[in-house]
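In this chain, numbering begins with 1 at the start of the sequence shown. Below, all heavy atoms of this structure are taken into account, side chains as well, without hydrogens, waters or symmetry copies. Source: prediction; values computed, not measured.
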Amino acid sequence: MARVRLTDRYVGTISAPQGRRLEIFDQHPQGAGLMLRVADTGRKIWMVRYRTDDGQQRRLNLGYYPDVGLSEARGRAAAARLEATGGGDPAAARQRRRVEAKTDRLKTYNNLADSYFTACEVGEWKPRGKRKRASTLANEKWLWSKHIKPHLGGLKLEQVSPAELKQVLRDLVATGRGSTSNKVRAQIRQMFNFAIGDDRIAVNPVDKTAALGDEAPRQRVLSDQEIRVVWSALSSRAGLIRQGRGEVDGERVLIGEPVSIALKLLLVTLVRRSEMTGVARRELDLDNGTWLIPGDRTKSGRSHLVPLTTTAIVLFRRAIEIADEGRSEASPYVFLSPRDRCKPITPAALTHALRYVREALDLERFTPHDLRRTGATIMASERLEISPFLIGKVLSHSTETGGAANVTLTTYALYDYVKEKRAALLAWEALLGKIVESPSENLPTSPMAAKLPVVLDDDMRRRIADPRFRQALIAELLGHAPL
């Protein structure tokens, strides 16, 4: 350790012997406590030494030479010692700032989004007590990237004020997207609730904003004529021209056969679009006419057994045949993504394809979910007169049960009204064949239809209303006496 009255020339020429490190203290009156540390690599660091009020000796890094010259180093050393004389501890304060910078992951809304989606994907953030489904996360990410990030992503969390949020929502409402505005508001609320749970902020700014969009439950049900022309368009997939869409007016509609099959299957089976697009081969038992959708792919979180009619079986077999074309190894999925044949298509692919078909046919707006509503509505109508209770089973809607029935269904949920569900879907298949006017080509008659009632009679509806029938049915399916 040496003590030298430092000069610019001395600092610039001093070097340390190989394998050693020099520490040189400045003897100049303005450099009290200033030290130059010289490594044998040639690197030079300015440091200052001081004592805190409790007598502890500290050292503070002031910067590297020549980035920080001698005069500036003396000024920084004097400021640090003055702070220590006043009771401060500049070295400890810098360490705290570094720790805060490393732990404070949520500086901007972009940072919050990264942390939020990661926490959702690994199951760390479960606002309703259960892990978010992949389709839910995909929708949230789309809302974030499309409507939130461009306006708010670069702001610090403290800058995301109710006024900023209201402007985003107003802009959406002004362009006729009131429903989207409400979804964006709900998404922002969730993300800030996550930030509150992470102790990053204390107040959710969304609490001071109101939902601006007017929403009414969708009631779109396709007519027979609409079903007929849509089915025909999906069968031919030729000659469709999009209309009334500005730049795309007159553009041909190109839809692959797998997507066409998936859309037809939505109408035949009445499952949700995400359940259809993600179907894996292992879920299907085509020989026995069943499709078991696992709980992690259903909205209710419970496995759902879908009885498959002959139409569904034929369509699934064709989709698998297409998936296997030109492949030496089968994919685990039925409907393959064109970008990665080891992954399934996305639910959005069905939505986009159906929109293009609708525009080409110049039909009123409808979505894949409206196909499901259409089938359920016709089932409940006087044309089929199927019990709403049984329709709920076909659609995999949750129902409240209790007592022995609850225990039975917990254990044997897969067999929940399977015979009646099959009968309802066969009835729907038969009527759908008449609607599209080509049952022999597109909707083959099911050999199982002769063994099961096509329309539920009064006696069947009365039995369904009796909770004891529920247990008896399951006992019959399992081959033992009722509980």
Closest non-hydrogen atom pair between Lys132 and Glu140, with its separation
NZ-OE2, 2.8 Å
Any side-chain heavy atom of Ile188 sitting closer than 4.5 Å to one from Val184?
yes
Pair Asp340-Ser337, side chain to side chain donor-acceptor pair (under 3.5 Å): steps then yes or no
CA-CA 5 Å; Asp340 185 349; Ser337 168; over 6 Å; no
Please name the pair of heavy atoms, one in Leu267 and one in Leu371, separated by the smallest distance, quoted to 0.1 Å.
CD1-O, 3.8 Å
Between Arg373 (side chain) and Arg220 (backbone), is there a donor-acceptor pair under 3.5 Å?
yes
Step-by-step salt bridge (Lys or Arg N to Asp or Glu O under 4.0 Å) determination, Glu364 to Arg358
CA-CA 7 Å; Glu364 181 185 343; Arg358 173 181 59 78; over 6 Å; no
Work out which heavy atom in Leu354 is nearest to a heavy atom in Pro368; give both atom names and the distance.
CD2-N, 3.5 Å
Tell me whether Arg21 is salt-bridged to Asp40, with the criterion being a basic N under 4.0 Å from an acidic carboxylate O.
no
Under the salt bridge (charged side-chain N to carboxylate O under 4.0 Å, His left out) definition, can you give me all pairs with a residue in residues 141-155, not counting sequence neighbours?
Glu121-Lys141
Taking the side chain as C-beta and beyond, is there a heavy-atom pair between Val230 and Leu234 under 4.5 Å?
yes
Do the side chain of Arg51 and the main chain of Gln56 share a donor and acceptor less than 3.5 angstrom apart?
no
Under a 3.5 Å distance rule, please check whether Asn182 uses its side chain to pair with a backbone N or O of Ser179 as donor and acceptor.
no
Using side chain to side chain contact (heavy atoms under 4.5 Å, CB included) as the criterion, list what pairs up with Asp324, not counting sequence neighbours.
Arg281, Ile320, Ala330
Could you tabulate the donor-acceptor pairs under 3.5 Å formed by side-chain atoms of residues 159-167, not counting sequence neighbours?
from, atom 1, to, atom 2, distance (Å)
Gln159, OE1, Lys156, N, 2.9
Ser161, OG, Glu164, N, 3.2
Gln167, NE2, Asp171, OD1, 2.9

Please determine whether a side-chain nitrogen of the Lys or Arg among Asp207 and Arg189 lies less than 4.0 Å from a carboxylate oxygen of the Asp or Glu.
yes
Under the side-chain contact (heavy atoms from CB on, under 4.5 Å) criterion, do Phe335 and Thr277 qualify, and how do the steps go?
CA-CA 6 Å; Phe335 301 106; Thr277 56; 5.9 Å; no
Both conditions, 6.0 Å and 45 degrees, for the charged tip of Arg81 above the ring of Tyr50: are they met here?
no
Taken in chain and number order and not counting sequence neighbours, the residues that satisfy side chain to side chain contact (heavy atoms under 4.5 Å, CB included) with Thr41 are Ala39, Arg43
Does the side chain of Pro344 come within less than 4.5 Å of Val279's, by heavy atoms?
no
Step through it carefully: locate the ring centre of Trp291, locate the ring centre of Phe316, and say whether they are under 6.0 Å apart.
yes
Does Tyr65 have any side-chain hydrogen bond (donor to acceptor under 3.5 Å, both in side chains) partners at least two apart in sequence or in another chain, and if so, which?
none
Is it true that, when you exclude Arg9 itself, more than 12 heavy atoms of the residues, nucleotides or ligands shown sit nearer than 6.0 Å to its CZ?
no
Would you say the side-chain atoms of Asn204 pair up with the backbone N or O of Val206, donor to acceptor, closer than 3.5 Å?
yes
Looking at Leu222, is its backbone amide N or carbonyl O close enough to the side chain of Thr374 to form a donor-acceptor pair, meaning the two atoms are under 3.5 Å apart?
yes
Can you list the residues that meet the side chain to side chain contact (heavy atoms under 4.5 Å, CB included) rule with Ala138, with sequence neighbours excluded?
none
Quick one: which of Arg74, Arg76, Arg49 gives a side-chain contact (heavy atoms from CB on, under 4.5 Å) with Leu34?
Arg74
How far apart are the C-alpha atoms of Asn110 and Trp144, what are their side-chain angles, what is the distance that settles it, and do they pass the side-chain contact (heavy atoms from CB on, under 4.5 Å) test?
CA-CA 10 Å; Asn110 283 328; Trp144 157 253; 3.4 Å; yes
Using side-chain heavy atoms (C-beta onward) and a distance below 4.5 Å, is Arg365 in contact with Arg355?
no
Verify, without hydrogens or angle tests, whether Lys44 (side chain) and Pro66 (backbone) share a donor-acceptor contact under 3.5 angstrom.
no
Thinking salt bridges, do Arg59 and Glu23 make one under a 4.0 Å N-O criterion?
yes
Between Asp54 and Thr52, do the side chains contain a donor N or O and an acceptor N or O under 3.5 Å apart?
yes
Does the pair Glu275/Lys299 count as a salt bridge with the N-to-O cut at 4.0 Å?
no
Decide yes or no on ring-ring contact (aromatic ring centres under 6.0 Å, His included) for His147 and Trp142, but give the supporting numbers first.
CA-CA 8 Å; His147 298 298; Trp142 185 87; 5.4 Å; yes
Please lay out, stage by stage, how Thr136 and Asn139 fare under the test side chain to side chain donor-acceptor pair (under 3.5 Å).
CA-CA 5 Å; Thr136 301; Asn139 289 333; 5.8 Å; no
Spell out, as yes or no, whether a donor-acceptor pair under 3.5 Å connects the side chain of Arg327 to the backbone of Glu329.
yes
Counting C-beta onward and ignoring hydrogens, is there a side-chain heavy-atom pair between Met191 and Cys120 closer than 4.5 Å?
no
Determine, using ring centers only, whether Phe192 and Tyr109 are less than 6.0 Å apart.
yes
State, yes or no, whether a side-chain contact exists between Trp46 and Leu70 at a heavy-atom distance under 4.5 Å.
yes
Check: Val306 and Thr290 side chains under 4.5 Å, non-hydrogen atoms:
no
Under 3.5 Å donor-acceptor, Thr118 side chain and Ser115 backbone
no
Does the side chain of Leu36 reach to within under 4.5 Å of the side chain of Ile14, using non-hydrogen atoms?
yes
Could you tell me whether a side-chain N or O of Arg273 sits under 3.5 Å from a main-chain N or O of Ala262, the two making a donor and an acceptor?
no
Does Leu395 offer a backbone N or O that forms a donor-acceptor pair with the side chain of Arg372 under 3.5 Å?
yes
